Structure formats: C-alpha cells, structure tokens
Amino acid sequence: MQEIETGVAGRVVVITGAGQGIGRTVARQFAAKGAIAVIADRDGGNGRRVAGEIAAAGGRALAFDTDVTSEDSLASMVEGTVAAEGRIDVLINNAGIYSTLGRRPFDEIPLEEWDHVIRVNVTGSFLAARAVLPAMRQAGAGRIINISSSTVPLGLPLLSHYITSKTAVIGLTRALAHELGGDDITVNAVLPGLTETEVENPAVDEARRQSLVARQCVGRKQVPDDLVGVLLFLASPSSAFMTGQSLLVDGGTAHL
Ligand SMILES: NC(=O)c1ccc[n+]([C@@H]2O[C@H](COP(=O)([O-])OP(=O)(O)OC[C@H]3O[C@@H](n4cnc5c(N)ncnc54)[C@H](O)[C@@H]3O)[C@@H](O)[C@H]2O)c1
C-alpha cells in the first residue's frame with residue numbers, strides 16, 4: 001500500500017491578490033498548515049501587512065509587489081521566491097477585479113473597464129501560470145488553482161465583463177490541464193459563491209445577500225474559510241490524479 005501525503009507543510013504556495021479578502025485568509029490558513037505563503041499583490045503595502053500577520057502567528061511568508069498583468073513583475077516575484085525558497089509548488093490565481101466592480105448593463109460598461117477586467121482576471125491568470133511554469137517543471141510537479149466564480153453557472157445580470165472573465169478562467173483551466181498533465185502539474189478551478197470578507201463590496205446590498213443565502217442549501221453567509229478545505233486538497237499531493245476540473249463551493253446554490 002502506497003503512503004498518501006495529504007498536507008501542504010513545506011510547500012511553497014504563491015497566492016496572487018492575497019493582500020486582502022479571500023486571498024488574505026487563504027494565505028494565513030495555508031501558512032498555519034506549514035506552507036510558505038508567497039503573497040503577490042499589486043498593493044504591496046497590504047501584502048506586507050498580511051505577511052506580518054503570518055509571521056506574528058509563527059508562520060512563514062514572503063510578500064512581493066506584483067502586478068499579474070505584467071510579465072516583468074511576475075518574473076521578479078518568481079525570481080525572488082526561487083532565490084529565497086528554492087522552488088514553487090503551488091499557484092493560486094486569486095487576484096481579480098471584484099470588490100471594486102460596479103453592476104451595470106452590458107451596454108453601459110465602458111470599454112476600458114471591460115478590457116481591465118479581462119486583462120486582470122483572464123490574462124493575469126494566464127501570465128502567472130506561464131511565469132511559475134519553469135519552477136514547477138524544475139520541482140517535477142505542481143498545482144495551479146484558478147479562482148473562478150459561481151456567477152458562471154448562475155449567469156447573473158449586470159456583471160457581463162466579470163462573468164465572461166470567470167468563464168474564460170474555466171476554459172483556461174481545461175486547456176492548461178491538457179498541456180501540463182505530462183509534467184505532473186494539475187490545473188483546477190474553484191468557483192466560490194458570494195463570500196463575505198473584511199472588504200466592503202458596495203455593489204451588493206444586504207437584501208441581495210439575504211436573497212442569495214435563501215437560495216443556498218447551507219443557509220448562512222459564505223466566508224473565506226469555507227474555501228480553505230477544497231484549496232488545501234487541490235494544493236496537496238493527494239489531488240495528483242484530478243485535473244481540469246471545476247469545483248463549486250457555494251453552499252449548494254448552483255450546479256455545474
Ligand atoms: N468575494 C466574493 O464574493 C467572490 C466570489 C466568487 C469569486 N471571487 C473571486 O475571488 C478572488 C478574490 O476575491 P476577493 O473578494 O478577495 O476580492 P478583492 O477585490 O477583495 O481582492 C482582490 C485582490 O486582488 C488584488 N489585485 C487586483 N488587481 C491585481 C493585479 N493586477 N495584480 C495583482 N493583484 C491584483 C487586489 O489588490 C486585491 O488585494 C477574485 O478573483 C474574485 O473574483 C470572489
């Protein structure tokens with residue numbers, strides 16, 4: 001009988017956009033399980049603050065000012081991580097334009113806003129995967145986890161750029177899974193439902209939150225900790241034979 005490794009202790013885990021919100025919780029929880037959390041956020045001050053929180057709790061973290069839309073910025077984050085830790089095992093493509101996004105009819109979305117959402121949410125995930133690839137190949141295995149959204153199966157109105165971007169992330173996941181399986185690099189997507197974080201989202205009022213909770217099987221608001229179990233599994237050696245998949249973690253509102 002083969003021994004199955006289940007944890008993330010000692011694994012080097014890059015989490016983009018981990019300076020706040022879901023990514024911040026994920027970084028802290030992974031570090032609490034012994035992973036080295038690499039916080040790659042465009043807002044370097046927030047990233048360093050999260051790294052400080054992790055260090056204060058006895059964990060290990062690095063923080064880089066990283067813009068996922070810039071190949072140079074990603075390259076320096078990868079270089080710095082490999083110089084410090086010698087490897088990259090996991091990439092969680094979490095950075096996204098989300099909490100700052102207003103809801104509007106598709107024919108009123110300025111083209112610059114559309115382009116920005118696609119650039120960060122889709123191109124950013126594509127570029128970050130390319131940036132970590134040599135280090136994962138060097139390590140002999142890897143895990144790429146792309147954060148999509150339950151808005152894809154729900155198909156809600158007034159977020160056409162966001163939903164289009166998060167649908168593309170699922171396509172990217174499937175395509176990369178086929179290209180990288182031979183390198184023992186798995187690529188999966190996680191689709192969270194509406195998740196309450198410490199960051200106010202002005203586009204979602206309390207009535208809307210309550211109506212979404214009413215549609216869930218598990219009748220309470222979703223919090224970032226609800227995503228951690230699935231992410232730990234997908235980041236660990238025990239998910240080695242699972243790739244190209246999309247997992248909804250939304251309290252049971254939507255179905256794929
Ligand atoms: N909160 C939710 O309800 C929810 C639901 C489904 C999916 N998601 C997805 O989960 C992820 C995190 O969501 P959140 O609620 O924490 O969002 P958030 O808006 O609070 O945080 C996003 C983070 O990404 C960073 N970021 C933005 N552009 C960047 C760039 N170009 N390079 C690097 N970092 C950049 C921001 O600085 C910020 O720290 C996003 O991809 C979002 O689309 C969120």
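Note that ligands are numbered from 1 as they come in the structure, with each ligand's atoms numbered from 1 the same way. Just so we're clear, the structure is a prediction, and the values are computed from it rather than from any experiment.
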Heavy-atom nearest neighbour of atom 7 (C) of ligand 1 within options Ser165, Gly44, Pro224, Ser148: Ser148
Closest to atom 22 (C) of ligand 1 among Gly96, Gly21, Gly47 (heavy-atom distance): Gly96
In terms of residue, atom name and distance, what is the protein heavy atom nearest to [atom]?
atom	result
atom 21 (O) of ligand 1	Gln20 NE2, 3.5 Å
atom 5 (C) of ligand 1	Gly193 O, 3.2 Å
atom 44 (C) of ligand 1	Ile22 CD1, 3.6 Å

Salt bridge flag under 4.0 Å for residues Asp226 and Arg220: yes
Can you confirm, on distance only, whether ligand 1 has an N/O atom lying under 3.5 Å from any N/O atom belonging to [X]?
X	result
Asp43	no
Ile97	no
Thr69	no
Asp41	yes
Ser150	no
Ser149	no
Tyr98	yes
Asn94	yes
Val68	yes

For Ile54 against Ala37, the heavy-atom pair lying closest together: CD1-CB, 4.1 Å
Non-hydrogen atoms of Ile39 and Ala27 that approach each other most closely: CG1-CB, 4.2 Å
Working for side-chain contact (heavy atoms from CB on, under 4.5 Å), residues Ile22 and Thr197: CA-CA 7 Å; Ile22 290 173; Thr197 76; 4.0 Å; yes
Which of the atoms in ligand 1, numbered in the order shown and given with their element, are less than 4.0 Å from a heavy-atom of [X]?
X	value
Tyr162	6 (C), 7 (C), 8 (N), 9 (C), 42 (C), 43 (O)
Asp67	30 (C), 31 (N), 32 (N)
Ile147	9 (C), 10 (O)
Leu194	3 (O)

Val120 touching ligand 1 at heavy-atom level, < 4.0 angstrom: yes
Donor-acceptor pair between [X] and [Y] side chains, under 3.5 angstrom:
X	Y	result
Asn93	Asn146	yes
Asp67	Ser73	no
Gln216	Asp250	no
Thr66	Arg42	no

Ring geometry between Tyr162 and Tyr98 (parallel below 30°, tilted from 30 to 60°, perpendicular above 60°): tilted
More than 12 heavy atoms from other groups under 6.0 Å of CZ on Arg103: yes
Stepwise side-chain contact (heavy atoms from CB on, under 4.5 Å) test for Thr81 and Phe64: CA-CA 9 Å; Thr81 301; Phe64 295 93; 3.4 Å; yes
Joint hydrophobic cluster, Leu133 plus Val68, side-chain heavy atoms closer than 4.5 Å: yes
